[in-house]
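The next block holds one structure in the form of structure tokens; read it before the comments.
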Amino acid sequence: IAGITQAPTSQILAAGRRMTLRCTQDMRHNAMYWYRQDLGLGLRLIHYSNTAGTTGKGEVPDGYSVSRANTDDFPLTLASAVPSQTSVYFCASSDGTASGGVEQFFGPGTRLTVL
Amino acid sequence: TQLLEQSPQFLSIQEGENLTVYCNSSSVFSSLQWYRQEPGEGPVLLVTVVTGGEVKKLKRLTFQFGDARKDSSLHITAAQPGDTGLYLCAGALDDFNKFYFGSGTKLNVKP
């Protein structure tokens, strides 16, 4: 069982370019999340999805979009990348059924640099 | 400003010492979690607390949720070099799938 996979592992991108970060889970989890992690700021939620077909905005959604066409995949798209989007991006999933106390399983992260 | 404030930001101690990490907020959380993250990897869940005043123990780690469910602490007894890492607290408000993370405490335990 692979758990959660993310691609690419790292990427250097020119400002203004479009980029999609991929995330796939094989645990049949209902909920999926995208976070960015910046030094001194911990993890900040970008977007999340409670179940396939639904998405919600997190703390820092501007400049990012997501889709949840099926249970396994949750891609994150930067329509026009800017240098402030340089960060490490983590995808996570959880079964999302417990009221309070769901465990999130994290992928290995994508290190993105926007120049 | 972040919803959850963690302190201290950095902690460097000798093997065998005790330490406490704090996670504070003015908001009430339905649940609060502690994660540990190694360099180059994603966070891994250590514990979840859901009831005000709850105390959970995981070997040498003791986690406490405040009575008002606004704060939490992580206490490590007799720290070991293997405890080195970034410790993160995360809380869920009304939507139990929407988590807010603290900025983290970077712990270094020297042998």
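Sequence lines set the chain letters: A, B, ... in the order given, protein chains first and strands last, and positions in each chain run from 1. Computed from a predicted structure; not experimentally measured. Scope of the values below: all heavy atoms of this structure, side chains included, with no hydrogens, waters or symmetry mates.
For the atom pair CG of A/Leu39 and OG of B/Ser103, the computed distance is 10.5 Å after rounding to the nearest 0.5 Å. Atoms CD and CZ, from B/Glu41 and A/Phe106 in turn, are 13.0 Å apart once rounded to the nearest 0.5 Å. If you take CG on A/Leu45 and CZ on B/Phe99, they are separated by 10.0 Å, rounding to the nearest 0.5 Å. Atom CZ of A/Phe105 and atom CG of B/Leu45 lie 8.0 Å apart (nearest 0.5 Å).
Residue B/Leu4 does not touch chain A at all, counting heavy-atom pairs closer than 4.5 Å. Proximity to chain B (any heavy atom under 4.5 Å) is restricted, for A/Gln37, to the side chain, taken from C-beta onward. At a 4.5 Å heavy-atom cutoff, the contact between A/Tyr35 and chain B is made by side-chain atoms alone. Neither the backbone nor the side chain of B/Gln6 comes within contact range of chain A; no heavy atom of the residue lies under 4.5 Å from a heavy atom of that chain. With a threshold of 4.5 angstrom between heavy atoms, B/Tyr35 approaches chain A through side-chain atoms but not through N, CA, C or O.
Put simply, B/Val44 and A/Ile4 are part of two different groups of oily side chains (I, L, V, M, F, W, Y) that touch within less than 4.5 Å, one to the next. No continuous path of hydrophobic side-chain contacts links A/Tyr33 to A/Tyr89 [ILVMFWY only; heavy atoms under 4.5 Å]. Neither B/Val47 nor B/Tyr22 shares a network with the other; the hydrophobic side chains, linked directly or stepwise wherever heavy atoms of I, L, V, M, F, W or Y lie under 4.5 Å apart, form separate groups for each. Hydrophobic clustering, with ILVMFWY side chains joined whenever heavy atoms are under 4.5 angstrom apart, keeps A/Trp34 apart from A/Tyr48. Under the 4.5 Å side-chain heavy-atom criterion for grouping Ile, Leu, Val, Met, Phe, Trp and Tyr, B/Val109 is connected to B/Leu61 within one hydrophobic cluster.
Residue B/Lys56 qualifies as enclosed at atom NZ: its count of foreign heavy atoms under 6.0 Å is above 12. The neighbour count for A/Arg17 CZ, taken as heavy atoms of other residues, nucleotides or ligands under 6.0 Å away, does not exceed 12. Atom CZ of A/Arg111 has 12 or fewer heavy atoms from other residues, nucleotides or ligands within 6.0 Å.
Of all non-hydrogen atoms in A/Leu43 and B/Pro43, the two that sit nearest each other are CD1-CG, 4.1 Å. Heavy-atom minimum distance, B/Gln33 versus A/Gln104: OE1-NE2, 4.0 Å.
With a 4.5 Å cut-off on side-chain heavy atoms, A/Arg44 and B/Phe101 do not count as touching.
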